Protein chains: 2
Amino acid sequence: MNPGKPAKTSRADDSASRSKQSLRVWIRLLHNTRIIEKNVRSYLANEFGTTLPRFDALAALDRFPEGLTMGALSEHLLVSNGNVTGVIARLQDEGLVLRTASKQDRRAFHVKLTRKGKRAFQEMAKGHEAYVNRMLEAISASDLNKLNTLLTRLEKTVAQERSCS
Amino acid sequence: MNPGKPAKTSRADDSASRSKQSLRVWIRLLHNTRIIEKNVRSYLANEFGTTLPRFDALAALDRFPEGLTMGALSEHLLVSNGNVTGVIARLQDEGLVLRTASKQDRRAFHVKLTRKGKRAFQEMAKGHEAYVNRMLEAISASDLNKLNTLLTRLEKTVAQERSCS
DNA sequence: TCAAATTAGTTGAAGCCTAAAATATTGCCC
DNA sequence: GGGCAATATTTTAGGCTTCAACTAATTTGA
């Protein structure tokens, strides 16, 4: 039926379905992330009495033993400057990080883990990894590898167009 | 070298690397989602002066023309009851939703889109879909399909263990 | 029927988050 | 050196988010 035309799709259909497919992937990505994130937040709250933003901040600081400025920290965490102020203030109250004024630049601060902060993070990180692995237990290693590859690829293309509206 | 043993990995190594791989996938998932989500939030704010939570609520209501109770809405959106109260209050102030007391159950409310709300959502949804597609432009259709498959599979396994700590 | 348990929803306190304005300091350029 | 733009950070106002406590209505079950 309808010879001379593509059987079921025109070029316009293609671009519409492409757009639908992009949307589907984004919705799934968001949904998966929200479910896992919810679980991780509960885990951190129940097991260690802490929050995901604080855990993230500790993780970033753990990767830079020499310390980070507030600004550098906010870039690593993908959050605003003002946000970091609050999170670090609370971590300082808990004695997990140390905020010292920079000698070179009196506007800036260096934030570092305290010894207590290092110890606390090590323990949390171990539990966190085990918990995540338990959640993803049912996924095959092969699927995990594929996901890793595809998400890495996605990250590269998405990370670039940060500014486009 | 070292005959009689597996070349490079023991069983303990396997399980350690599996756990690391799970963690990597989760971190990538989270990172990708945060970057895209940031962009979507900016887009909705700049283009329509609205927020992602409000857009999500409108989207949920659009799928149920007969309306939803506050509780049903909170389940669809994966957020707490109290949260929905605030978001719907703001949407009501904007004239996009209508909240009517239920006849059958005087504790409950039915929330529906107003005509204005329907129109506003249609326009936002169109722009949103195009924007997301533009962001994922550089990903091949084949990768998109693979991602969709894998994320669907992931969603199924993760959605089950909602309660485990 | 009536008291107890459950369910629907709101409120309040606390934390996370952003954008924009304010502060303070630095660096540059004339 | 003095002024001015840029930079590092905090503050503020407003919205999102949760949990726990609360109110009100419904259901259950003796």
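Because the structure is a prediction, the values reported are computed rather than measured. In what follows, every chain begins at residue 1, and chains take the letters A, B, ... in the order their sequences are listed.
- Note: CD (A:Q104) to P (C:dA24) measures 22 Å, nearest angstrom.
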Q: Report the C-alpha distance between A:R119 and A:E123 in whole Å, list the side-chain angles of each, state the deciding distance to 0.1 Å, and finish with yes or no for salt bridge (charged side-chain N to carboxylate O under 4.0 Å, His left out).
A: CA-CA 6 Å; A:R119 265 203 318 267; A:E123 205 193 337; over 6 Å; no
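- Atom CG of B:N83 and atom C1' of D:dA20 are 15 Å apart (whole Å).
- Between the side chain of B:R107 and the base of D:dT26 there is no donor-acceptor pair of N/O atoms closer than 3.5 Å.
- Atom CD of B:E37 and atom C1' of C:dC16 are 13 Å apart (whole Å).
- Among the heavy atoms of the strands lying under 4.0 Å from A:G71 are primed sugar atoms or P, OP1, OP2 only; no base atom is included.
- Counting any heavy atom pair closer than 4.0 Å across all strands shown, A:S102 reaches no nucleic acid atom.
- Residue A:K112 places its NZ atom among 12 or fewer non-hydrogen atoms of other residues, nucleotides or ligands, all under 6.0 Å distant.
- A salt bridge links B:E37 with B:R41: at least one charged nitrogen is closer than 4.0 Å to a carboxylate oxygen.
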Q: Tell me, with the steps shown, if B:R24 and B:Q21 meet side-chain hydrogen bond (donor to acceptor under 3.5 Å, both in side chains).
A: CA-CA 5 Å; B:R24 260 196 296 276; B:Q21 184 70 339; 2.8 Å; yes
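- Using a 4.0 Å heavy-atom distance criterion, A:R34 is classed as making no nucleic acid contact.
- Contact annotation: A:R41 does not reach the phosphate of D:dC19 (side-chain N/O to OP1 or OP2, under 4.0 Å).
- Among the nucleotides D:dT9, C:dT10, C:dT18, the one closest to any side-chain atom of A:A108 is D:dT9.
- Residues B:V97 and B:T114 share a closest heavy-atom pair of C-CG2, 3.7 Å.
- A:F55 places its CZ atom 18 Å from the C1' atom of C:dG15, with the value rounded to the nearest Å.
- Considering only the side chain of B:T51, D:dC16 comes nearest among C:dC16, D:dT11, D:dC16.
- Note on A:T85: a side-chain N or O is less than 4.0 Å away from OP1 or OP2 of D:dT10.
- To the nearest angstrom, P of C:dG15 lies 18 Å from CG of A:D56.
- Atom CZ of B:R54 is separated from atom C1' of C:dT18 by 13 Å (rounded to the nearest Å).
- The hydrophobic clustering, which links ILVMFWY residues whose side-chain heavy atoms are closer than 4.5 Å, places B:L68 and B:L98 apart.
- Comparing B:R90 and A:A72 against DNA chain D, the residue whose closest nucleotide sits nearer the 5' end is A:A72.
- Nucleotide C:dA21 holds its C1' atom 14 Å from the CG atom of A:N81, rounded to whole Å.
- If A:V87 and A:K103 are placed on DNA chain C by their nearest nucleotide, the residue sitting closer to the 5' end is A:V87.
- Taking side-chain N and O atoms only, A:R106 has a distance below 4.0 Å to OP1 or OP2 of C:dT26.
- Both A:S42 and A:H110 lie near DNA chain D, and the one whose nearest nucleotide falls closer to the 5' end is A:H110.
- Within 4.0 Å (heavy atoms only), A:D105 reaches sugar-phosphate atoms of the nucleic acid but no base atom.
- Each of C:dT25, C:dT11, D:dT18 was ranked by its minimum atom distance to the side chain of A:K38; first place goes to D:dT18.
- To the nearest angstrom, C1' of D:dG15 lies 15 Å from CG of B:L44.
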